[in-house]
Student: 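Okay, handing you the structure first.
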Amino acid sequence: MATIKYKGEVFSVKVNETVLDTLLNNGIAVKNSCRSGVCQSCVLKAEKGSLTEKSQQGLKDTLKTQGYFLSCMSYPENDLEIVSSTELQIPVTIIDKKMLNSDVLYIKLKYEKDFSFYAGQFINLIRNDGLTRSYSIASLPSEKSIDLHIRILPSGQMSNWLSSNASLGEKLYIEGPIGDCFYSGDKKEQPLLMVGTGTGLAPLYGILCDALGQNHQGEIHLFHGALNFSGLYLIKELFLLAEKYSNFYYYPSVLKNEIEEVNQLNQLNQEVKVGAIDKLVFQTIKKMKGWRAFLCGNPELVYSLKKQLFLAGVSLKEIYADAFLPSAK
Amino acid sequence: MSSIYEQIGGKPAVDMAVENFYRKVLTDERICHFFDDIDMEKQMAKQAGFLTMVLGGPNSYSGKDMRQGHQHLLSKGLNDSHVDAVIELLAQTLRELNIPQEVVQQIANVAESTRNDVLSR
């Protein structure tokens with residue numbers, strides 16, 4: 001049976017237990033969120049002992065060689081000596097905060113030391129007590145700050161704290177950036193499809209601004225879906241961008257069209273589509289061979305659309321998917 | 001003499017064959033239900049390794065998990081007819097890429113040789 005040494009204590013790893021399980025079961029607080037090997041918030045560093053390939057999957061090479069690993073994916077085969085990964089954390093300050101609609105909070109973070117990222121990647125936001133959640137970056141590196149769109153969930157610890165308690169000037173930490181969902185700028189003529197639900201718009205908005213700013217030539221089609229009209233946001237901004245850039249098309253869509261919302265739609269003088277977003281995509285765009293796609297938000301939609309696009313002829317390596325997994329607790 | 005792998009166009013050709021093959025597999029009513037919750041990237045990387053190997057390209061293919069990898073599908077009714085379907089679709093994909101019939105046959109034979117492992121026999 002493998003053991004792990006952490007802060008001077010030694011724990012036995014039981015059968016089918018991960019390093020994260022072992023530490024949590026022994027009352028050690030380790031920040032974690034998705035417990036699926038995706039969010040990277042449970043990263044720890046092994047100073048002694050060898051790591052399995054699976055426990056380092058998705059980490060940057062520079063982190064791998066230093067012994068960082070995902071504790072939720074680590075079923076150790078030998079004894080490990082591990083330390084926390086606090087040196088990867090970057091201090092940030094909340095410098096702006098407002099509601100984008102009734103349940104999406106916008107916050108702007110200023111980082112206190114160098115931080116390089118692409119719009120569309122995600123970071124882990126860490127509160128002083130270790131509470132950690134992943135959010136996508138909606139702003140560009142040139143802005144020297146990080147914009148996040150945070151969906152306020154009924155029992156969301158981080159989102160409710162951010163919306164009700166955190167004030168301007170509040171200090172937090174971030175880790176990252178993580179993920180390959182961003183604009184690479186290598187194929188300027190390639191048509192781009194972006195599909196997001198809810199705050200899946202955050203990375204897409206960042207990627208869109210990046211692509212337009214880099215003078216992308218191919219068509220860009222952005223579908224943003226929500227349950228109903230009040231779930232959409234940045235509508236005016238996106239319609240303005242669609243007016244300004246002839247290669248950019250914006251399709252807000254809702255699953256249900258409620259009568260009291262028709263007035264709001266009329267005021268906008270713009271069309272909001274009604275129906276399932278994946279169907280709208282295929283109704284609107286007939287041929288997608290050779291396209292690149294970015295899919296963000298609801299996991300079911302992201303996985304299903306990924307498959308549908310692949311079957312429609314989009315190469316799998318041209319599909320960048322960012323499924324927003326719920327946190328484990 | 002260059003390998004068949006090089007003759008047909010190397011990695012890009014293999015990648016395209018694998019994508020075309022999976023489009024067929026995922027829409028074939030005989031077998032698509034076995035692929036409902038697979039990780040497509042992983043699955044296609046494995047298939048690319050297999051094809052690269054049989055075409056004589058550089059590879060690190062290890063087929064030793066063929067048996068293990070399909071075991072959970074036996075309870076879902078995996079049998080000879082499904083292996084037949086997979087080999088048929090693979091051959092069809094390769095022919096569509098204008099790969100010579102004798103090479104297609106050669107690849108089908110290698111696929112055939114995994115049948116007993118796939119079916120845990």
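The sequence lines fix the lettering, A, B, ..., with proteins before strands; numbering per chain opens at 1. No hydrogens, no waters, no symmetry mates; every other heavy atom, side chains included, goes into these values.
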Student: When you look at NZ of B/Lys11, are more than 12 heavy atoms from neighbouring residues, nucleotides or ligands closer to it than 6.0 Å?
Tutor: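 Check fails, neighbour count at 12 or below.
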
Student: What pair of heavy atoms forms the shortest contact from A/Lys307 to B/Met40, and how long is it?
Tutor: CA-CE, 4.0 Å

Student: Is the CG atom of B/Asp39 crowded by more than 12 outside heavy atoms at less than 6.0 Å?
Tutor: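 Counting other residues, nucleotides and ligands, CG of B/Asp39 exceeds 12 neighbours.
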
Student: If you compare all heavy atoms of A/Ser315 against all heavy atoms of B/Glu19, which two are closest, and at what distance to 0.1 Å?
Tutor: OG-OE2, 2.8 Å

Student: Using a cut-off of 6.0 Å, state whether more than 12 heavy atoms not belonging to A/Glu300 lie near its atom CD.
Tutor: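 No, CD of A/Glu300 has 12 or fewer neighbouring heavy atoms, counting only those of other groups under 6.0 Å.
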
Student: Just wondering, are more than 12 heavy atoms of other shown residues or ligands nearer than 6.0 Å to CZ in A/Arg292?
Tutor: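 Check passes, neighbour count above 12.
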
Student: Could you give me the CA-CA distance, side-chain angles and deciding distance for A/Phe310 and B/Leu26, then say whether side-chain contact (heavy atoms from CB on, under 4.5 Å) is met?
Tutor: CA-CA 10 Å; A/Phe310 171 66; B/Leu26 294 174; 3.9 Å; yes

Student: Should we count OH of A/Tyr118 as having more than 12 external heavy atoms under 6.0 Å?
Tutor: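 Not more than 12 within 6.0 Å, no.
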
Student: So which part of B/Met16 gets closer than 4.5 Å to some heavy atom of chain A, the side chain, the backbone, both or neither?
Tutor: neither

Student: Step by step, work out the side-chain contact (heavy atoms from CB on, under 4.5 Å) result for B/Glu41 and A/Lys306.
Tutor: CA-CA 11 Å; B/Glu41 268 101 355; A/Lys306 182 174 175 178; 3.0 Å; yes

